[in-house]
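What you are looking at is a predicted structure, and each value in this text was computed from that prediction instead of being measured. Remember, it's 1-based here, ligands and their atoms both numbered in the order they're listed.
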Amino acid sequence: MEIVIQPTPEAASRIAAHIIANLVREKPNCVLGLATGGTPLLLYRELARMHREDNLDFSRVTTFNLDEYVGLAPEHPHSYHTFMEHNLFRYINISPAQTHIPNGVAKDMREEGTRYEAEIAAAGGIDLQVLGIGTDGHIGFNEKGSSLASRTRLKTLTAQTREDNARFFNRPEDVPLHVITMGVGTIMDTRQILLLAFGERKARVMAATVEGPITAMNPASILQMHPVAKALIDEPAATQLAHADYYRWVYDHKPDWQRFVKQT
Ligand code: F6R
């Protein structure tokens, strides 16, 4: 995993936006994997700006979101459908038919997981996946103990995640218990990963993810096995990394061409 430490979330998000913009320009019909939550908001704002001011064209792009709350219909104010519409889709020229988010009110969640996996496969797989990380190490909503080979399915949120996400709801008890999420295996199948993590709250889990053992007790740690994964983090999130100075040195000595492009 490549670790890029930036002074601010804004600077890290700008790099992520450049990588995505380069991909969209190189491959206008690319498939993007998207995340929700607080972390990608600056990235989405920058992509919207690039669309508005730099003509970044999303008309042929397809997207797949990581997850959705079970029990929240797409039009629910706290659904991830609504989140994506309010924070990105309404600001870019993406076709609604090409945006995909698991259906949190599907009758049969097992069938929904299979259907979602089939849709990703039919789109040719995900070229680039944006990830945030839970303070407990989840990616998507693959909580601790998730099979590292798992596919899209229903999961039960931990008390920690429900507490972390309570800020998006009127009352803590309104946070749903269940989610439908891409699996760890689904995420590992994507061709490129950008993991974003900001703030001291994420420092402990980032150290475990980057420098700790690979274990289902910290599902994000499997990203060490992904061939093209980059962690874009701010200084506070880097405070518990034992080798932060080395990561900074590596990044500072990169040839310019390598910073913003897919590295294979
Ligand atoms: C969101 C998702 C989660 C979040 C994670 C961090 O679609 O899959 O893994 O990325 O919970 O959330 P924030 O960014 O709010 O700290």
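Residue pairs meeting the salt bridge (Lys or Arg N to Asp or Glu O under 4.0 Å) criterion with at least one member in residues 169-180, sequence neighbours excluded, are Arg171-Glu173, Arg171-Asp174.
Looking at Arg52, its side chain never comes within 3.5 Å of a backbone N or O of Ile92 through a donor-acceptor pair.
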Show me the short polar-atom pairs for ligand 1: any N or O of it lying under 3.5 Å from a protein N or O, with distances only.
| residue | atom | partner | partner atom | Å |
| --- | --- | --- | --- | --- |
| ligand 1 | 7 (O) | Thr36 | N | 2.9 |
| ligand 1 | 7 (O) | Thr36 | OG1 | 2.8 |
| ligand 1 | 7 (O) | Asp67 | OD1 | 2.7 |
| ligand 1 | 7 (O) | Asp67 | OD2 | 3.4 |
| ligand 1 | 8 (O) | Asp67 | OD2 | 2.5 |
| ligand 1 | 8 (O) | Gly140 | O | 3.3 |
| ligand 1 | 9 (O) | Gly140 | O | 2.6 |
| ligand 1 | 11 (O) | His138 | NE2 | 2.7 |
| ligand 1 | 14 (O) | Gly38 | N | 3.3 |
| ligand 1 | 14 (O) | Thr39 | N | 2.9 |
| ligand 1 | 14 (O) | Thr39 | OG1 | 2.4 |
| ligand 1 | 15 (O) | Gly38 | N | 2.8 |
| ligand 1 | 15 (O) | Arg167 | NH2 | 2.8 |
| ligand 1 | 16 (O) | Arg201 | NH2 | 3.4 |
| ligand 1 | 16 (O) | Lys202 | NZ | 2.8 |

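Ring planes of Phe169 and His78: tilted class, angle from 30 to 60°. Relative ring orientation between Tyr80 and Tyr69 is described as tilted, the plane-to-plane angle lying within the 30° to 60° band.
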Determine all donor-acceptor pairs shorter than 3.5 Å in which one atom belongs to a side chain in residues 37-48; sequence neighbours excluded.
| residue | atom | partner | partner atom | Å |
| --- | --- | --- | --- | --- |
| Tyr44 | OH | Ala35 | N | 3.1 |
| Tyr44 | OH | Ala35 | O | 2.6 |
| Glu46 | OE1 | Arg49 | NE | 3.2 |
| Glu46 | OE2 | Arg49 | NE | 3.4 |
| Glu46 | OE2 | Arg49 | NH2 | 2.9 |

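Not counting sequence neighbours, the partners of Thr152 by the side-chain hydrogen bond (donor to acceptor under 3.5 Å, both in side chains) test are Glu117.
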